[in-house]
Number of protein chains: 2
Amino acid sequence: MSKYKKVYHDIKAKISNGTLVAKQELPSESELMQHYGFSKDTIRKALSLLEINGYIQKQQGRNSIVLERHLPKPQILSEIKTVSELNHSSSHQVKTTLSSLYIVQGEEELMHIFNVNEQIDFYRIGRTREIDGERVEYEVSYFDRRIVPFINRDIAEQSIYHYLESELGLKISHSQREIVFRYANEEEENTLDLGEYNMIVSVTSTTYLADGRPFQYGSISYRPDKITFASTATREIKHSSTN
Amino acid sequence: MSKYKKVYHDIKAKISNGTLVAKQELPSESELMQHYGFSKDTIRKALSLLEINGYIQKQQGRNSIVLERHLPKPQILSEIKTVSELNHSSSHQVKTTLSSLYIVQGEEELMHIFNVNEQIDFYRIGRTREIDGERVEYEVSYFDRRIVPFINRDIAEQSIYHYLESELGLKISHSQREIVFRYANEEEENTLDLGEYNMIVSVTSTTYLADGRPFQYGSISYRPDKITFASTATREIKHSSTN
DNA sequence: CGTCATTTGTCCGTATGTATA
DNA sequence: CTATACATACGGACAAATGAC
C-alpha cells in the first residue's frame, strides 16, 4: 500500500476508535511529517482524502479538526458496496435468493444505455434480499455478455462482484446512480413484503469499468422504512489533487 | 483564481460545450503541461478534480477519457445549493414563501445536535416552495443565534445563504445529510399540495462553518414525484489530494 | 510470452503565497 | 506586526500499468 494511504488509514482508525475525538485538532502537517517520516506531499494527500471522505475539516492557517462521525447505519452514497460487504457490518440475518436468471435481447432501454443494437444480449438477474425474514429488497440487474460471458446460479446467489473482480479480472471503476421514490409496480408488490406500503425507493445504476465501458445496468427497489441514505455535501468544488 | 482551477474550468467547459465528447481521450499530462505551460503537479490536480466531479475517468498507463454527462435535472448530492442558485438553471416558476419565523429554546433534538443547554436560542424558519403554482417543498431550518444573531422577514424570504456569506462574512464549509422516506406528518399535509400522496421524502441536514462549528440544522420535505437524487459512487476510496 | 515506449501514480525537496491567531 | 500553518506551484526521480510489437 502507498504511503499516503497508510497515513489515511492510520488516522482514520484513530478517529474511529476514539484516539482522536471530534472537534480535537490534528497535529500540524509538519508534525505529521516528522511523526511518519514522510514528505509534505504525502501527508497532504492523506489529509485531503480524510477531508473528502468526511473525517476531518481543513482550513488554511490552522490545524485540521476532527469532524463528528456520521451514523454508521445509513448507506454512504459515494461508495459501491456489494451486499456481502454491507453484511459484514450488520448484525441482522440477511439472505439473498435468486428469483430469475436468463438472457434477453433487444430491450429498448438497454440498447439505449449501452448504445448497442438488438444483436447484443444481456444476462438478466432478479434477486430478492430477505432481512430478518422479511423480503425488503428486490434487485434486477443486466450484464453485457460481451464483458460477462458466463454467470450461473451459484455465482448469482453468491457475490457477483467478487466473481467479476477476482475470476474475470475486471476493474470496476464507478457507478452513476439515480434515486426516485414512486409507487410500487406489480412485480415489486409480488416479490416484496411491502405490508401497508404502496411506494418503494428505487435506486437505478449504471456501472462502468476502468476503461470507461458500461457493463452493468439495473435497479434495486427498497421498502421505504428499510433504507436511509447519507451524504456529505460541500459548498464549493472540493479541491483535490495529485493522483 | 489558482492555475489548477483555471485548467479545471477550461476542460470542464470543453466537455460541457461539446468540444470534448464522451469516450474521447484527453491529451496526455505532458501534452497538457505544454499546452498550458504549467507544471505536472498543476495539471494533475485539475484532472483529479475533473475525475472526482465525474467528468473524466483516469486510469494508470493510459490517457484519461471523457465520461457521459449525467442528466442535468436531478439534484447532485455532493453540492450545497441554495434555492436561488438552483433556480438559475430551471425553466420553472419558483416562489418561496415564509410561513413562520420565531425564536425557540430548549428543544431536545437541537440541544443534542449542537451540544448546548437550554439557555441557547435558535431561529426557527419555516418556508414553503411553490413550483409552477404547486406547493411541493416544505423546509424547516434552525440557526444558532450565537452565530446568526439577526434574521428578518426580508432575509428569510430572499437568500439566507447570501446573507450569511456576504453580510455576516461566514465561511460555510460542508453539510451532512440524511435522506429518509416516510409518511407525511400533519404539518406537511397542511403546508404541501400532496394530492394523492401520503408519503414524503425528507432530507435532514446539519451545516458547518469552516472552523467546524455547526450553525444550521433542518429538514426539507419533498413531494415524492418532485425530487430525484443523483450521485456518482466509486469502487475504491478516491485518491485525492494536495490541498 | 516477454519487451519496450508511453502514460499515469507516488514521493521527495524547495519556494512562495495567503489565512489565522 | 509576526509567527505559524495550510495552499499553490515547480522540477525531478522512480514505480506501476497499458498497449503495441
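Between A:K171 and D:dT18, a side-chain N or O to OP1/OP2 separation shorter than 4.0 Å is present. Residue A:T42 places at least one side-chain N or O under 4.0 Å from the OP1 or OP2 atom of C:dC12. The phosphate of D:dT8 has OP1 or OP2 within less than 4.0 Å of a side-chain N or O from B:Y4. Between C:dA21 and A:R62, a contact under 4.0 Å exists linking OP1 or OP2 to a side-chain N or O. For D:dA7, the OP1/OP2 oxygens have no side-chain nitrogen or oxygen of B:K45 closer than 4.0 Å. Checking the phosphate oxygens (OP1, OP2) of D:dG11, no side-chain nitrogen or oxygen of B:K40 falls inside 4.0 Å. Taking only side-chain nitrogens and oxygens, A:S28 never comes nearer than 4.0 Å to OP1 or OP2 of D:dT4. Between B:Q59 and D:dT18 there is a side-chain polar atom (N or O) within less than 4.0 angstrom of OP1 or OP2.
A perpendicular orientation is assigned to the rings of B:Y55 and B:Y8, their planes being inclined by more than 60° (bins at 30° and 60°).
The pair B:D10-B:K6 does not meet the salt-bridge criterion, since no charged nitrogen lies less than 4.0 angstrom from a carboxylate oxygen.
Both A:D211 and B:M33 lie near DNA chain D, and the one whose nearest nucleotide falls closer to the 5' end is B:M33.
The side chain of A:F38 lies closest to C:dC12, out of C:dT7, D:dC10, C:dC12. Listed candidates were C:dT7, D:dT8, D:dA5. Nearest to the side chain of B:S2 is D:dT8. Comparing D:dA7, D:dC6, C:dG13 by their nearest atom to the side chain of A:K58 picks out D:dA7.
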Inset, instruction - Decide yes or no on salt bridge (Lys or Arg N to Asp or Glu O under 4.0 Å) for B:E139 and B:R127, but give the supporting numbers first. - result: CA-CA 5 Å; B:E139 174 185 0; B:R127 295 194 293 183; 3.4 Å; yes

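A cation-pi arrangement is not found for B:R145 relative to B:F122, the charged atom failing to lie both closer than 6.0 Å to the ring centre and inside a 45° cone about the ring normal.
The base of D:dT18 lies outside donor-acceptor range of the side chain of B:Q60, with no N or O pair under 3.5 Å.
Residue A:K3 is classed as a sugar-phosphate contact, given heavy-atom separations below 4.0 Å to backbone atoms only.
Residues B:V148 and B:L164 are in side-chain contact: their nearest non-hydrogen atoms beyond the backbone lie under 4.5 Å apart.
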